[in-house]
2 protein chains.
Amino acid sequence: MDKQNHPQDTETRILQAAEKEFFEKGYAGARTASIAEAAGVTHAMLHYYFRTKDKLFERIVSEKIDALANIVLSAIGDGDLPLEDRIRQGVERHFDFISANRDLPRFIVNEVFAHPERAEMLGNVQNIAGSLLNNLQHEIDEYAAKGLCRQADARILLIDIVSLNVFPFIAAPIVKAAVGNLYESYDAFLEMRKKENVETILGKLKISRL
Amino acid sequence: MDKQNHPQDTETRILQAAEKEFFEKGYAGARTASIAEAAGVTHAMLHYYFRTKDKLFERIVSEKIDALANIVLSAIGDGDLPLEDRIRQGVERHFDFISANRDLPRFIVNEVFAHPERAEMLGNVQNIAGSLLNNLQHEIDEYAAKGLCRQADARILLIDIVSLNVFPFIAAPIVKAAVGNLYESYDAFLEMRKKENVETILGKLKISRL
DNA sequence: TGATTGATTAACAAAATTGTTAGTGCGAAT
DNA sequence: ATTCGCACTAACAATTTTGTTAATCAATCA
């Protein structure tokens, strides 16, 4: 019908194309021309809406950092489940979030390496994580006092969780090549991995019993 | 003394500068001019010795893939130690290797993402890893049959090891910001981490006992 | 209607980056 | 000593990539 005047449309199309391009190729590898082409607009439009490649990039970055704060919040989990269930739920939610944003970890890691000052932008995220850790630590302490689980440092546990969950995504092509045909699909492998990681974490907490 | 004729010298200086630049910024982010400057030569020399940025890059890549094959070999570990010790040794060697090549994991991950066909270049590495896994699996099977350890899939164990060991390096600036002042230095944290990872892996294998 | 506004385009300009070339100087071999 | 080859430089050329501008087009509104 109308040949133009889809302002919202083109802007979001550019944003979507840009997210894809930046995620896949990083800031340096991304080309504004490719982004424009993928969005189906002339590359002048990209400058019209976002002025520079840099500003467009910043826009994507801040959006994604917000998204990150959410998963951390959601990992706090439902009110007063028993410890084991909350951990199970937290690990699975974290895994699922990454699974739904597979390029995000690599992107964050690379961009924080490229601009270490951006580690501070994650400060907000880390504050949330901090109170989450406090809660968790208290709970572990209680359980341990009652002899219901092993004593453990919640921060270490968190690093274990993130390490285990992030790796199959951040190193996807390599792991894919390595596991090869052992699973009917990479997603099947990931499903296995999610369960395995939950068990690994719970295993670290479990009291050895007869 | 002599103003020129340091052919070996300049070539290796370019290689060293290139490795650093490529590792830090990736292929796309690296600038041949920066490499030349860091090496203390005119950027024409870079083309003189390596013709193109691409060829220089390939050179670095293949060198590093060789280095990688070695660590995998060395992870096979000393002949006939008991299972626990071999695993301990394998995990620690892997950790130490990454520690001595801190940018390597990020580099490999990024470049394999950028050129998935390069996953095949790792085929060699994976063959070696394959036979290592076979050995390990047999040993685990024997131990498990005797009730000396839990039954486990060696491949899963390997993924656990790599996940846990790689993360504190690939996400260094983030983890650094997160652990903050809890450790006197990041290296102290890493030392703790190495031990913890060994225990985590051994813990997965351990028979729960009274 | 006709003036205004915002979206859009094509062509262009500027900057950055890679790659080349012609020539210089030094040392070694004949 | 002259020639030859190699390392090297400086200037330049080519290409790629980002950013700009002037003109167009369609819708809206006065």
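All heavy atoms count here, side chains included; hydrogens, waters and symmetry mates do not. Predicted model only: the values in this text are computed from it and were never measured.
If you take CG of A:Leu46 and P of C:dA7, they are 15 Å apart, rounded to a whole angstrom. In this structure, the NE2 atom of B:His47 is 12 Å from the C1' atom of D:dT15, given to the nearest Å. If you take CG of B:Asp9 and C1' of D:dC6, they are 16 Å apart, rounded to a whole angstrom. Rounded to an integer number of Å, the gap from CD of B:Glu37 to P of C:dT18 is 13 Å. Computed from coordinates, the A:Phe50 CZ to C:dA7 C1' distance equals 14 Å when rounded to whole Å. One atom, CD1 of A:Ile35, and another, C1' of D:dG19, lie 14 Å apart when rounded to the nearest Å. With rounding to whole Å, B:Met45 atom CE is found 6 Å from D:dT9 atom P. Here the C1' atom of nucleotide D:dG19 and the CD1 atom of A:Ile14 are 14 Å apart, to the nearest Å.
Distances from the side chain of B:Arg51 to the nucleotides D:dA7, D:dG19, C:dT20 place C:dT20 closest. Closest to the A:Tyr49 side chain, of the nucleotides D:dC8, C:dT8, C:dG19, is C:dT8.
Applying the 4.0 Å criterion to OP1 and OP2 of C:dT20, one finds that B:Tyr48 has every side-chain N and O outside that range. Residue B:Thr10 places no side-chain N or O under 4.0 Å from the OP1 or OP2 atom of D:dA7. The side chain of A:Thr32 contributes no N or O atom lying less than 4.0 Å from OP1 or OP2 of D:dT17.
Each of B:Asp141, B:Asn134, B:Asn135 was evaluated against B:Gln137; a single residue qualifies, B:Asp141, per the side chain to side chain donor-acceptor pair (under 3.5 Å) test. No option in A:Phe22, A:Phe23, A:Phe169, A:Phe113 other than A:Phe23 meets the ring pair (Phe, Tyr, Trp, His ring centres under 6.0 Å) test with A:Phe107.
Judged purely by distance below 3.5 Å, without hydrogens or angles, the side chains of B:Tyr27 and B:Asn110 never pair a donor atom with an acceptor atom.
Within the structure, side-chain hydrogen bond (donor to acceptor under 3.5 Å, both in side chains) pairs that include any residue of residues 28-41 of chain A do not occur (at least two apart or interchain). Applying the side-chain hydrogen bond (donor to acceptor under 3.5 Å, both in side chains) definition to pairs two or more places apart or across chains, none involves residues 166-183 of chain B.
Within residues 15-31 of chain A, the residues that place at least one heavy atom under 4.0 Å from DNA chain D are, in residue-number order, A:Ala30, A:Arg31.
Legend: residues meeting side-chain hydrogen bond (donor to acceptor under 3.5 Å, both in side chains) with B:Glu58, ordered by chain and number and at least two apart, are B:Arg118. Looking at residues two or more places apart in sequence or on another chain, you find a salt bridge (charged side-chain N to carboxylate O under 4.0 Å, His left out) between A:Glu24 and A:Lys20.
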Protein N or O to nucleotides 10-14 of chain C N or O, pairs below 3.5 Å:
none

Inset, instruction - List the steps, then state whether salt bridge (Lys or Arg N to Asp or Glu O under 4.0 Å) holds for B:Arg102 with B:Asp187. - result: CA-CA 12 Å; B:Arg102 300 192 178 194; B:Asp187 278 1; 3.3 Å; yes
Legend entry - Candidate pair B:Ile65 and B:Leu122, rule side chain to side chain contact (heavy atoms under 4.5 Å, CB included), full reasoning: CA-CA 7 Å; B:Ile65 287 191; B:Leu122 295 171; 4.2 Å; yes
